[in-house]
K.L.:
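My questions will all concern the structure given below.
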Number of protein chains: 2
Amino acid sequence: MVTMLDVSREAGVSSATVSRVLTGSAEVDPKTRMLVLAAVEKLGYRPNLVARGLRRQASQVIALIITDIENPFYTAVCRGVEDSARLAGYSVILCNADRDIEKEREYLRVVEDQNASGIIISPASAHRTDISNLVARGLPVIAVDMALAAATGSVLVDNKDAGALATNHLIGKGCTRIACITGPAENSTAADRVEGYRRAIAEAGIQEEPKLVIYANYLEDGGYKATRRLLGLKTRPDGLFVTNNRMAVGALRALQEMGVSIPDDINIIGFDELPWALELHPYLSLVRQPAYRIGQEAARLLIACIRKEEPVKHVILDAELVARDRRPLAKARKKPAKATIT
Amino acid sequence: MVTMLDVSREAGVSSATVSRVLTGSAEVDPKTRMLVLAAVEKLGYRPNLVARGLRRQASQVIALIITDIENPFYTAVCRGVEDSARLAGYSVILCNADRDIEKEREYLRVVEDQNASGIIISPASAHRTDISNLVARGLPVIAVDMALAAATGSVLVDNKDAGALATNHLIGKGCTRIACITGPAENSTAADRVEGYRRAIAEAGIQEEPKLVIYANYLEDGGYKATRRLLGLKTRPDGLFVTNNRMAVGALRALQEMGVSIPDDINIIGFDELPWALELHPYLSLVRQPAYRIGQEAARLLIACIRKEEPVKHVILDAELVARDRRPLAKARKKPAKATIT
DNA sequence: TTGTAGGCGTTATCAC
DNA sequence: GTGATAACGCCTACAA
């Protein structure tokens, strides 16, 4: 390994000068500078980031803890984070907590021990995810997907509005018995989407039916079982709002199996992209979070916090309605997501 | 931050002893040991991994560089790697190279600078991905998905066999004009799958038609365009082998749009899972790589190499045929993947 | 502008 | 079995 000392000897200067040239932390005589750069070039020197991290007490690494790496929503968030972080010279440690609060806790510890400069997290739980000691230590934490009281900042959509948006789409289609399949009851995001649903049907003067709201697990099988249950009711729903993408797949499969036709027998709206299924399934409308932008924004915000230069800490992005009627792959409206800032 | 020095003072011993207790690197008097552990507990001390990494010249971090984070095959590999690494006490830095050789090169550099203990990579290119200096430095590199001559080890499937397996499935269905849509020509994995295809049709006594083999980009639009081209031929193919999952989506969409019925007008077989689309599409058979196991195995192998305790360096896993005829979600045969070891 | 020296928190070597 | 002490490679006062 070639160290700064090697470079300094090669250039005939002290290692302090090499450091100054490389970090730009102080003025250096242009001639010396050239000497140093030549030596760096010649020896192929690259700074040891571990040593630098130890010395500076700050790495150039941020951690991204996501809920479900097999969910395309989160992978899109990842891409946004990574692209944005990379531009700013940060590396990303990605951790997949798998909706498991224990695994998440473990990752939070590891990430702290690795001296990450900051954390972006889609929390497993709004009240059980504990980041208080990280924040206390001054580590910035940005929450995405789900609000977290203790977080330094957040990039979220208004899930209540999004839930209402979805529901109103069904109402606009003439549905009057609208069911809703949402995530675990203790999941605040899932709860918000249902609340939006309730608001929308109330505003439309539709009587709420408790049986039509089912709390499931945000996975395919949960959506599948919930849909079968709904189809087993004496009076079937004529509209269905599924609050996450993986459950929507399960729902579609159940409908397919039972020979229920979309949109003739039932209208359905999902939540978030299903890159694969979507292209093949003509009638699935959905409300879409700007996943990539959420990631980008979160990284931008985090890095600003790390550099202590950001007044804006909480960003709300708009979810958009993607209404699909006939053709598969109808071009989605390209409404640029607006940002609300607080 | 509480350091080892704090602990040593609390316990009334030297920091060297604390280190010995924590790492188990030498015998320590049971009583002292207890004292130290009590102090650790009391102060909530946790070792600083950066300092440890600097001193030991080895982190507990492995890097995983994948080709396409939006491809469910690679996310499944990720899960395998992560689960396996975590069990062994390693953290994972995930990098998404996006099939971009430059981005990949940059990540390889970063990862080296961060002093990762080892690397698992699905290379962007068999001959342009350059890991020689890493290997020269003694960093173990495990290749997955695509062979890499310089790699320390690898976990792969035999793509030629897998290509033949897929093609034979179509032949068994009675297809006689079988087309193949594969990845970029310079991609060795794509080339291998085509070679398997060629072998299979030759063995079946079918005359090869150059027009029926199309090299595309491993993405949806590539599969889509290639399929449209194939359907524009005077004599349409009656069988189609698509060598990757994302292109299969494009192919299915093209078939759907042009009103070509599966399996009446054409038989199709894909490669690798499409967790979402698959459930909704009844007639897509496929050849599946054991993605999760590939990841697990790669991590196991890598960690063994890091610990210098592994004679076995190259693992070949079997791809399996998932034949789907009628019902969506026909239970896939649970043939346990066999491992061939060299 | 440049060099010297000390320390970031840990572990390894050497004495005792 | 335990304690000083010196690194690991870098950065930053401070001094020159």
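Lettering follows sequence order; numbering is per chain, from 1.
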K.L.:
Is the distance from OP1 or OP2 of C:dT2 to the nearest side-chain N or O of A:Thr32 less than 4.0 Å?
P.N.:
yes
K.L.:
So that I can tick it off, tell me whether B:Lys103 and B:Glu106 are bridged by a salt bridge, with the cut-off set at under 4.0 angstrom between side-chain N and carboxylate O.
P.N.:
no
K.L.:
Could you tell me the separation between the CG atom of B:Asn115 and the C1' atom of C:dG9, rounded to a whole number of Å?
P.N.:
16 Å
K.L.:
When rounded to the nearest 0.5 angstrom, what distance separates CG in B:Leu94 from OH in B:Tyr74?
P.N.:
13.0 Å
K.L.:
B:Asp29: what forms a salt bridge (charged side-chain N to carboxylate O under 4.0 Å, His left out) with it, not counting sequence neighbours?
P.N.:
none
K.L.:
Could you tell me the separation between the CG atom of B:Asp6 and the P atom of C:dG9, rounded to a whole number of Å?
P.N.:
9 Å
K.L.:
Which letters describe nucleotides 8-16 of chain D, given B = protein heavy atom under 4.0 Å from base, S = only from sugar-phosphate, - = neither?
P.N.:
BBBBBB---
K.L.:
Restricting to non-hydrogen atoms, name the atom on A:Ala126 and the atom on A:Ser188 that form the minimum distance, rounded to 0.1 Å.
P.N.:
CB-OG, 3.5 Å
K.L.:
Please determine whether a side-chain nitrogen of the Lys or Arg among A:Arg79 and A:Glu82 lies less than 4.0 Å from a carboxylate oxygen of the Asp or Glu.
P.N.:
no
K.L.:
What is the distance, to the nearest angstrom, from the CZ atom on B:Arg9 to the P atom on D:dG3?
P.N.:
14 Å
K.L.:
Given salt bridge (Lys or Arg N to Asp or Glu O under 4.0 Å), test A:Arg300 with A:Glu297 step by step and report yes or no.
P.N.:
CA-CA 5 Å; A:Arg300 216 189 45 62; A:Glu297 205 59 27; 2.9 Å; yes
